[in-house]
Chemist: 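Pasting a structure here, questions to come.
These numbers come from a predicted model, not from an experiment. Values below: every heavy atom of this structure, side chains too, minus hydrogens, waters and symmetry copies.
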Amino acid sequence: MTTMEDHQEKQKRLHHCRAPKKTPRFGQSWCLLLSLFAISASARGFDYADALTKSLLYFESQRSGRLPYNQRATWRDHSGLTDGLEQGADLVGGYYDAGDHVKFGLPMAFTVTMLSWGVIEFRQQIAVAGELEHAMEAIKWGTDYFIKAHTSPNVLWAEVGDGDTDHYCWQRPEDMTTSRQAYKIDENNPGSDLAGETAAAMAAASMVFKKTNPHYSHLLLHHAQQVFDFADRYRGKYDGSVEVVKSYYASVSGYKDELLWAALWLYKATDKEEYLKYVVEKAQCFGGTGWAIAEFSWDVKYAGLQVIASKLLMEEKHKEHAHTLEQYRSKAEHYICSCLNKNNGSNVERTPGGLLYVRQWNNMQYVSTAAFLLTIYSDLLQNSNQKLICHGGMVGHEEILTFAKSQIDYILGSNPMNMSYLVGYGANFPARVHHRGASIVSYRESKGFIGCTQGYDYWYSRPGANPNVLVGALVGGPDCEDNFVDERENYMQTEACTYNTAPLVGVLAKLLQLEDQNLDENHHTSPLLASY
C-alpha cells in the first residue's frame, strides 16, 4: 500500500445608539433595548444564514446541461447538451468540478456524498434556514446524472471531456469547442474507487429522498447496490482504466477505502446486515482499522468512514461488532485529535492565523471536510455523554465544536487578511477567481462567440474583477503563512471546487442553530427583554 509520505508527495502535484436629546417617554429604555440587540448581533460575528444560502447557490453556477426555469445563477446558460452523443449515451447534466469544464466522476460523486451527509445529519437545521429545497436540488442535479452514467450493471461513465484540451482553452461553458470525449469503466476496465464513491453518493442520497420522494429514493438505492456490486466484483483503480484522469484526479489512496465507505453507506441506507459484515470483516485487510490518516478528501475516505463506524457503537444492535467498531473509533479519534493539535507528534499543521494546513494546492478542501467531521464527532460525544481522550488531554464536545467554528470563521473573514474565502460573502472576498465562466462576460448578456484562445487573450489576463461573481465558491485559500494573492492565474489559491463548498452546508446549518439557541437564551434571561 502507498505510504502516507508517498500519498502527500503525489497529492502535492495534483490538482485550490445614541438617544436623541429630547427622549420621548420610554425612549431611553427603547434605546437601551436597541443597544442590547446591537450587542447581540455583533456577538454573532458572522451571518451563517447568509453563508449557508450562498454556499448552496454555488452549485447552480457549476451546473452542466440544460438549466431549469428556476435557475438562480442567471449569468449561466445551457451547456454540454451533446455530452455522450458520440458514444451513444445521454450524459447531459452533472457538475463541472471547478473552473474548467470537464465532468470528473470521482470528485463529483464525493461532492454529492458530502451534500447528502450534511442533509442527513442537519436536515432540520437546513429546513429551518429555508434551504432544504435548494440542498435537495443540488443533490438531485448530481444523482440524476449518476443514474444516466450508469448505463448497465457493469458500466459507469467516468468522465466527460478531456483535461488537457480543456485547459488549453479559456471559454465560457456555453461556447465550448473542446473535446467532449467520454470515458467509461466496465468489467475489462475496472474502477472500484470511482464506482465505490458513486455507490456511496447514491446510497446517501437515497436516505435524503426517502420520505419526500420514495420512488426516486428506491431508484437510487437500486443503482447504488448494482454499482457497489460492480465495484467489488471487478476490482481495480479507475485511473488505470481511464488514464486521462491521472494528471487531475489520480486515485492515490487506492480503492479499498471507497469500497468500505460505499458498504457502510449502503448499510445505513438499507439496514442489511451483509453490508455491515463487509465493513467489519474487511476492516483490517482494507485498512479501515489500520490507517490513521489526518486528511479527509475526494481521494481519501478513511477518516469519514471511521467517524460513521464510531456512531454505530452507540446503537445497541451493533454490540456483537463492538470490538471492530472500537478499532474504527480509535482511528477516528486519531483524526480528531490531530486536527485539535492534541496528538503525540502527528498533528495537522496550522498557519499562524490558526487555519488547518495540509498542503498548498487547494488547502481549503481539507479545512471544510475537517470542520464537518469535527462537528459530527462533537454531536456524537454530546449525544453519548462522552469525552474524547487525546495524548494532549481530555476533550469535551464543546471544545471540538468551538474549533470547528474557528475554521469556518476563518473562512468567512476572521483571518490575518480580513478576507472572506467564500466568494460573495462579506465585503472583501476574492474578485479574480480562477474560473472560465465567471471571468468572461455572461452569455446571457453577450452571445457573441468567444473562441478557445480568444478567452485567454482578452479575459484571462484582464487585471479587473471577474464580471460574474461566483457566489458561494470556497477558493483554495491562503498559503502556510496566511498570505493570499487574488490573481486569476494563481489557481492554487483562487480556484474553487464543488467538494470545497459541499461540507460547509451541514456545518453552517449547525452553527446557525447554535446561534439561534444562544439568542433565545439571551432573550429569556435578559430582564430588560423580559419586561417588554
Chemist: Begin from the C-alpha positions of Gln493 and Asp479 and carry the test side chain to side chain contact (heavy atoms under 4.5 Å, CB included) through to its verdict.
Modeler: CA-CA 8 Å; Gln493 293 190 325; Asp479 65 15; 3.7 Å; yes
Chemist: Is the count of non-hydrogen atoms from other residues, nucleotides or ligands lying under 6.0 Å from Lys282 atom NZ greater than 12?
Modeler: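 More than 12 within 6.0 Å, yes.
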Chemist: Within a reach of under 6.0 Å around CD of Glu489, are more than 12 heavy atoms found that belong to other residues, nucleotides or ligands?
Modeler: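 For Glu489, atom CD is crowded (more than 12 foreign heavy atoms under 6.0 Å).
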Chemist: Taking side chain as C-beta onward, heavy atoms only, is Thr270 less than 4.5 Å from Leu221?
Modeler: yes
Chemist: Any idea which heavy atoms bring Leu374 and Ala404 closest together, and the distance?
Modeler: CB-CB, 3.9 Å
Chemist: State, with a plain yes or no, whether a side-chain heavy atom of Val102 is found less than 4.5 Å away from one of Val160.
Modeler: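 Val102 vs Val160: side chains apart.
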Chemist: Looking at Trp291 versus His334, is the centre-to-centre ring distance below 6.0 Å?
Modeler: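 No, the ring centres sit 6.0 Å or more apart.
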Chemist: So, for Phe110 and Phe104, is the gap between ring centers shorter than 6.0 Å?
Modeler: no
Chemist: Students often mix this up, so state it plainly: with edges at 30° and 60°, are the rings of Phe228 and Tyr278 parallel, tilted or perpendicular?
Modeler: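 The rings of Phe228 and Tyr278 stand perpendicular, inter-plane angle above 60°.
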Chemist: Can you check whether Ile308 reaches Trp265 side chain to side chain, under 4.5 Å on heavy atoms?
Modeler: yes
Chemist: Can Arg180 and Asp83 be said to form a salt bridge (charged side-chain N to carboxylate O under 4.0 Å, His left out), step by step?
Modeler: CA-CA 6 Å; Arg180 300 307 285 171; Asp83 283 358; 2.9 Å; yes
Chemist: Under 3.5 Å, is there a donor-acceptor pair between the side chain of His150 and the main chain of Pro153?
Modeler: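 Yes, His150 side chain to Pro153 backbone: donor-acceptor pair under 3.5 Å.
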Chemist: Start with the C-alpha distance between Arg235 and Asp232, add both sets of side-chain angles, then the distance that settles side chain to side chain contact (heavy atoms under 4.5 Å, CB included), and finish with yes or no.
Modeler: CA-CA 6 Å; Arg235 293 183 189 170; Asp232 191 38; 2.8 Å; yes
Chemist: Give, for atom OH of Tyr238 and atom CG of Leu194, the distance between the pair rounded to the nearest 0.5 Å.
Modeler: 6.5 Å
Chemist: Quick one: closest heavy-atom pair of Cys337 and Asn347, and the distance?
Modeler: O-OD1, 3.6 Å
Chemist: Give a yes or no on whether a salt bridge exists between Asp239 and Lys246, defined as a side-chain N under 4.0 angstrom from a carboxylate O.
Modeler: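 Lys246 and Asp239: not salt-bridged.
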Chemist: List the steps and the verdict of ring pair (Phe, Tyr, Trp, His ring centres under 6.0 Å) for Tyr421 and Phe484.
Modeler: CA-CA 10 Å; Tyr421 294 106; Phe484 180 80; 5.1 Å; yes
Chemist: Is there a salt bridge (charged side-chain N to carboxylate O under 4.0 Å, His left out) between Glu121 and Lys510 once you walk through the steps?
Modeler: CA-CA 9 Å; Glu121 297 285 350; Lys510 173 70 176 182; over 6 Å; no
Chemist: Nearest 0.5 Å, what's the CG-CZ distance between Leu470 and Phe429?
Modeler: 10.5 Å
Chemist: Check the pair Leu276 / Glu273 against side chain to side chain contact (heavy atoms under 4.5 Å, CB included), numbers first and verdict last.
Modeler: CA-CA 5 Å; Leu276 182 58; Glu273 192 68 21; 4.0 Å; yes
Chemist: Is it the case that the side chains of Gln284 and Thr289 hold a donor-acceptor pair, with the cut-off being a distance below 3.5 Å and no angle test?
Modeler: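 Side-chain D/A pair, Thr289 to Gln284: present.
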Chemist: To the nearest 0.5 Å, how far apart are CG in Asp100 and NE2 in His434?
Modeler: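 Here the interatomic distance stands at 7.5 Å.
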Chemist: With no hydrogens and no angle check, do the side chains of Tyr249 and Asp97 hold a donor and an acceptor under 3.5 Å apart?
Modeler: yes
Chemist: Walk me through whether Phe146 and His223 qualify under side chain to side chain contact (heavy atoms under 4.5 Å, CB included).
Modeler: CA-CA 9 Å; Phe146 298 146; His223 279 280; over 6 Å; no
Chemist: Answer yes or no: is there an ion pair linking Arg432 with Asp486, defined by an N-O contact shorter than 4.0 Å?
Modeler: yes
Chemist: Within the side chain of Gln407, is there an N or O that forms a donor-acceptor pair under 3.5 Å with the backbone of Val367?
Modeler: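 Checked: no pair found.
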Chemist: Is the Phe59 ring parallel, tilted or perpendicular to the Tyr95 ring (thresholds 30°, 60°)?
Modeler: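 The rings of Phe59 and Tyr95 stand perpendicular, inter-plane angle above 60°.
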Chemist: Quick check against the 3.5 Å criterion: does Arg350 have a side-chain atom that pairs as donor or acceptor with the backbone of Cys339?
Modeler: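 Yes; at least one donor-acceptor contact below 3.5 Å.
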Chemist: Quick check: closest heavy atoms across Ala138 and Leu56, and the distance to 0.1 Å?
Modeler: CB-CD2, 4.5 Å
Chemist: Donor-acceptor pair, Glu197 side chain versus Trp298 backbone, under 3.5 Å?
Modeler: no
Chemist: Do Arg329 and Leu325 have side-chain heavy atoms sitting under 4.5 Å apart?
Modeler: no
Chemist: Working to the nearest 0.5 angstrom, can you tell me the gap between Ile376 CD1 and Leu381 CG?
Modeler: 12.0 Å
Chemist: Check whether any side-chain heavy atom of Tyr234 lies under 4.5 Å from a side-chain heavy atom of Asn154, and answer yes or no.
Modeler: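 The answer is yes, as the side chains (C-beta and beyond) meet within the 4.5 Å cut-off.
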Chemist: Which one of Tyr366, Tyr248, Tyr491 satisfies the ring-ring contact (aromatic ring centres under 6.0 Å, His included) criterion with Trp361?
Modeler: Tyr491
Chemist: With no hydrogens and no angle check, do the side chains of Tyr96 and Ser79 hold a donor and an acceptor under 3.5 Å apart?
Modeler: yes
Chemist: Is the number of heavy atoms from other residues, nucleotides or ligands within 6.0 Å of OH (Tyr168) greater than 12?
Modeler: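 Counting other residues, nucleotides and ligands, OH of Tyr168 stays at 12 neighbours or fewer.
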Chemist: Are Val92 and Lys148 close enough that some pair of their side-chain heavy atoms sits under 4.5 Å apart?
Modeler: yes
Chemist: Using 0.5 Å steps for rounding, measure from the OH atom of Tyr499 to the OG atom of Ser297.
Modeler: 9.0 Å
Chemist: Strictly distance-based, threshold 3.5 Å: is any side-chain N or O of Gln171 a donor or acceptor partner for the main-chain N or O of Thr177?
Modeler: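 At least one qualifying donor-acceptor pair exists.
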Chemist: Between Val208, Leu220, Val505, which is the residue that forms a side chain to side chain contact (heavy atoms under 4.5 Å, CB included) with Ile139?
Modeler: Val208
Chemist: Mind listing the closest non-hydrogen atom pair of Leu57 and Ala73 along with its distance?
Modeler: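 Leu57 and Ala73 have their closest heavy atoms at CD1-N, 4.2 Å.
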Chemist: Considering only heavy atoms from C-beta outward, does the side chain of Arg488 approach that of Asn466 to under 4.5 Å?
Modeler: yes
Chemist: So, Ser368 and Asn500: side-chain donor and acceptor under 3.5 Å apart, yes or no?
Modeler: no
Chemist: Is the closest side-chain donor-acceptor distance between Asp144 and Tyr216 under 3.5 Å?
Modeler: yes
Chemist: Rounded at 0.5 Å granularity, tell me how far NE2 in His167 sits from CZ in Arg436.
Modeler: 5.5 Å
Chemist: Do you know which of Phe286, Phe296, Tyr255 makes ring-ring contact (aromatic ring centres under 6.0 Å, His included) with Trp261?
Modeler: Phe296
Chemist: Does either side chain, that of Ser64 or that of Tyr145, offer a donor lying less than 3.5 Å from an acceptor on the other one?
Modeler: no
Chemist: Decide yes or no for Leu355 and Asn363: does some side-chain heavy atom of the first lie under 4.5 Å from some side-chain heavy atom of the second?
Modeler: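 Result yes, sub-4.5 Å side-chain heavy-atom pair found.
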